[in-house]
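Reading through the structure tokens given below for one structure.
Each chain gets a letter, A, B and so on, in the order its sequence line appears, and its residues count up from 1.
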Protein chains: 2
Amino acid sequence: MNALPILEPVTDETCCTPASRPALDAEQAKRRALVFKALADPNRLRLLSIIKAESSGSTCACDLIDPLDLSQPTVSHHLKILVDAGFLHREKRGTWAYYSLIPGALERAAGLLGSL
Amino acid sequence: MNALPILEPVTDETCCTPASRPALDAEQAKRRALVFKALADPNRLRLLSIIKAESSGSTCACDLIDPLDLSQPTVSHHLKILVDAGFLHREKRGTWAYYSLIPGALERAAGLLGSL
DNA sequence: CCCGAATATTGACCACCATCAATATATGCA
DNA sequence: TGCATATATTGATGGTGGTCAATATTCGGG
């Protein structure tokens, strides 16, 4: 289990960089690595990029298959990973699934680097 | 070939976020994913954290083995990945190897997220 | 010049991951 | 109700990655 969304909201871990900080313990390192694992795939980066570039807030999954050169199940798989990691929100409307960037998620992920 | 250090210096890719941007092409996505791959391991995050926390600029490799619970070859392996990815600088002094954060590397990696 | 110590490299092994075809699920519509 | 469509899940497969033991390399000192 440990179903905790990985990109947790702002906590003392993610902000307020003190001058010096004790090094990451194994547990924190593991959780943070999960965030970067989600980003460590070219196709997932492209998904985030496409969804971010959409002027409307959300993007239909059907519009995410052609741009990448992947099968529908594979795209669905990558989207799930991004949702689980806390980057994307999924909303089903009828048969369609719409994905949108969770506000601040990319910024929080970036913040994890500053607070190493 | 393609020995390009992954965390390239500041270019139009990494700064100046225009209002709208064409989505990442496959090539850019692949290169950026390499950066996050380097960060997608708990032990490598701990290495970066320890080296960053050192008050002196550089840290002896011999001081990086005990804190992690890994064999010497494995630590050496992770350090190489971080060097190749452009996060760490290695300087040999006699038999010892000293590692230091490349200034701005973490910030540039964080910037890759903002410019998706 | 040889020895010991610190680090890097090699080779092997196991776990995890990206991918696809096939199938399942769910929704809208006639 | 039954079919067509959009999406998710399952199962299998090839490839990648983290790890260690063993070995190689490099350097300083006696």
Discussion item. Give me each pair satisfying salt bridge (charged side-chain N to carboxylate O under 4.0 Å, His left out) with a member in residues 68-83 of chain B, each pair once, sequence neighbours excluded.
Written reply: B:K80-B:D84

Per-pair distances, 0.1 Å, donor-acceptor, side chain in residues 49-63 of chain A, under 3.5 Å, sequence neighbours excluded:
residue: A:S49; atom: OG; partner: B:L24; partner atom: N; Å: 2.9
residue: A:S49; atom: OG; partner: B:L116; partner atom: O; Å: 2.8
residue: A:K52; atom: NZ; partner: B:G114; partner atom: O; Å: 2.7
residue: A:S56; atom: OG; partner: A:S58; partner atom: O; Å: 3.0

List every contact pair, protein side and nucleotides 13-18 of chain D side both N or O, where the distance is under 3.5 Å.
residue: D:dG18; atom: OP1; partner: B:R44; partner atom: NH1; Å: 3.2
residue: D:dG18; atom: OP1; partner: B:R44; partner atom: NH2; Å: 2.6

Worksheet entry | side chain to side chain donor-acceptor pair (under 3.5 Å) against A:R44, all qualifying residues, sequence neighbours excluded | A:H78

Practice prompt. Group every Ile, Leu, Val, Met, Phe, Trp and Tyr by side-chain heavy-atom contacts under 4.5 Å, then state whether B:I81 and B:L39 land in the same group.
Written response: no

Practice prompt. Provide, to the nearest angstrom, the distance between the NZ atom belonging to A:K30 and the P atom belonging to C:dA15.
Written response: 15 Å

Practice prompt. Can you sort out the partners of B:T95 under side chain to side chain donor-acceptor pair (under 3.5 Å), two or more places apart, ordered by chain and number?
Written response: none

Worksheet item: Atom CG of A:L68 and atom P of C:dC20: how far apart are they, to the nearest Å?
Response: 10 Å

Worksheet, complete the sentence: Going by chain and number, the hydrophobic cluster around B:Y98 (ILVMFWY, side chain to side chain under 4.5 Å) further includes B:W96

Scan nucleotides 5-8 of chain C against the protein and return all N/O pairs shorter than 3.5 Å with their distances rounded to 0.1 Å.
residue: C:dT7; atom: OP1; partner: B:C62; partner atom: N; Å: 3.3
residue: C:dT7; atom: OP2; partner: B:C62; partner atom: N; Å: 3.4
residue: C:dA8; atom: OP1; partner: B:R90; partner atom: NH1; Å: 2.8
residue: C:dA8; atom: OP1; partner: B:Y99; partner atom: OH; Å: 2.7
residue: C:dA8; atom: OP2; partner: B:S76; partner atom: OG; Å: 2.9
residue: C:dA8; atom: N7; partner: B:Q72; partner atom: NE2; Å: 2.8
residue: C:dA8; atom: N6; partner: B:Q72; partner atom: OE1; Å: 3.2

Worksheet item: What pairs with A:S71 under side chain to side chain donor-acceptor pair (under 3.5 Å), at least two apart in sequence or on another chain?
Response: A:T74

Response to the item:
With sequence neighbours left out, the residues meeting side chain to side chain donor-acceptor pair (under 3.5 Å) with B:E91 are B:R93

Response to the item:
Rounded to whole Å, the NZ-C1' distance (B:K80 to D:dT19) equals 17 Å

